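Only one structure is covered here, and it is reproduced in the block below.
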Amino acid sequence: MTKNKVRILGIETSCDETAVAVIENGGTILSNLVASQIDVHRRFGGVVPEVASRKHIEVIARLVDDAVRDAGLQPSELDAIAVTNGPGLIGALLVGVSFAKAYAFGLNKPLVAVNHLVAHIYANLLGDSLPSFPAVCLVVSGGHTSLLHMNSRHEFDIMGETRDDAAGEAFDKVARFLGLGYPGGPAIQQTAQKGTAGIYKLPRVFLDRDDFEFSFSGLKTSTMNLWNKIKKEGREDTVYDLVAEFQEALVEVLVEKTINAARKKHVKTILVAGGVAANSLLREKLREKAAEFEIDVFIPSPKLCTDNGAMVGCAGYYHFVDGNLANWDLNAYPSFDFFVNKTCG
Ligand code: KG4
Ligand code: ZN
């Protein structure tokens, strides 16, 4: 029998979502389930690592079972088991890695290790049309903000990174300080919709520099200081305008730097990856600006921007077909950077 369908199980447990998906031939999502822990962590105002690990272990077996069933498959019909093994919360990662190893070993299937950031980037390969390379990629998640130049899908050259807070971290910290809730990104986006940017003025940090470095802690602190002043003056009802300006300032820097990077490298493709890529203002502004320079923009659907199993299954598929398999001594790494070796996959 000739087999022309490659089905990969993708497991993601690096932070506060237990996520499992089955991907066929790298681009077709047969199932994609997420057990979010947001409600559990909300009362603490952020992710509590040990609680995250415990929640992952409670749900992972059932979620894998459900994902395989939803895909209409038997476990034996899977071709490989892909799992995120870093970066992320170590206890949380170990749940996914341990489960994936046991599952793959039990089924006698290959194991594939996937870098979480690479998976976010590969989410752009889940759509109907594939991006062409070379490209510039903006990675904006809770822990990372980087601009990369990619000559091919597995070559990553860092053009610039954040010197302090990641974009998502700034969203989360500002939201928490203003009492808008967790996670901060969606809360800020929603609040900003009711306000007007420009009424308050916040800094566009590093926009005057012609490099590709970012810094968001100054913007965060300016926002917090302004909020303290607003409260002292009893003008809390203007929170919407403050938040709209914060979002505008942050997005403007991301958009300008990304476009500048694409122009400098003479590329006609921009990829965006990570949870902050779900932000509607960023999506809109980047597409608008890129159109001026006839640059194609790829951004996964919002559901595929935040942590999910589909992106792991997708990256896992490409690693699998490239023959890049993991050994049974695979470990998890909280802070390993795929940029270190410059290539991956
Ligand atoms: O990629 P991700 O799900 O997890 C990490 O790998 O870090 O990104 C999470 C980050 C959080 O900081 C969250 O606030 C942010 O993505 N985020 C958003 C939006 N949705 C999620 N930031 C801005 N706007 C959004 N709509
Ligand atoms: Zn992520």
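None of the values given here were measured: they were computed from a predicted structure. Counting convention: from 1, in listed order, for ligands and their atoms alike.
Within the listing of ligand 1, atoms 7 (O) sit less than 4.0 angstrom from a heavy atom of Gly143. Of all the atoms in ligand 1, the ones that sit under 4.0 Å from a non-hydrogen atom of Gly168 are 12 (O). Each of the atoms 11 (C), 12 (O), 13 (C), 14 (O) of ligand 1 lies under 4.0 Å from some heavy atom of Asp172.
When non-hydrogen atoms are compared, ligand 1 lies under 4.0 Å from the backbone of Asp307 as well as from its side chain. Contacts between His120 and ligand 1, counted as non-hydrogen atom pairs separated by less than 4.0 Å, involve the side chain only.
Under the 4.0 angstrom criterion for non-hydrogen atoms, His116 is in contact with ligand 1. Every heavy atom of Cys15 sits 4.0 Å or more from the atoms of ligand 1.
When only interatomic distances are considered, the shortest N/O to N/O separation between Gln189 and ligand 1 falls below 3.5 Å. In terms of N/O distances under 3.5 Å, ligand 1 is not approached by Pro183.
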> Under the side-chain contact (heavy atoms from CB on, under 4.5 Å) criterion, do Asn85 and Leu93 qualify, and how do the steps go?
Replying inline: CA-CA 6 Å; Asn85 75 321; Leu93 287 164; 5.7 Å; no

> Does the side-chain hydrogen bond (donor to acceptor under 3.5 Å, both in side chains) test come out yes or no for His56 and Thr13, once each step is laid out?
Replying inline: CA-CA 7 Å; His56 286 310; Thr13 64; 4.9 Å; no

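Of the N and O atoms on the side chains of Thr238 and Tyr200, at least one donor lies less than 3.5 Å from an acceptor on the other residue. Judged purely by distance below 3.5 Å, without hydrogens or angles, the side chains of Ser152 and Glu155 pair a donor atom with an acceptor atom. Using modelled atom types, one finds a donor on one side chain and an acceptor on the other under 3.5 Å when comparing His120 with Asp307.
Ion pairing of Asp211 with Lys257 is present here, as a side-chain N (NZ or NE/NH1/NH2) and a carboxylate O approach within less than 4.0 Å.
Backbone or side-chain N, O or S atoms of His116 reach the Zn ion (ligand 2) at under 2.8 Å.
If you check each of Ala166, Ala167, Gly185, Ala119 against atom 23 (C) of ligand 1, the one with the closest non-hydrogen atom is Gly185.
Partners of Tyr103 by side chain to side chain donor-acceptor pair (under 3.5 Å), not counting sequence neighbours: none found.
Between Pro334 and Pro87, the closest side-chain pair of non-hydrogen atoms is not below 4.5 Å.
Angle OD1 (Asp307) to the Zn ion (ligand 2) to NE2 (His120): 100°, rounded to 10°.
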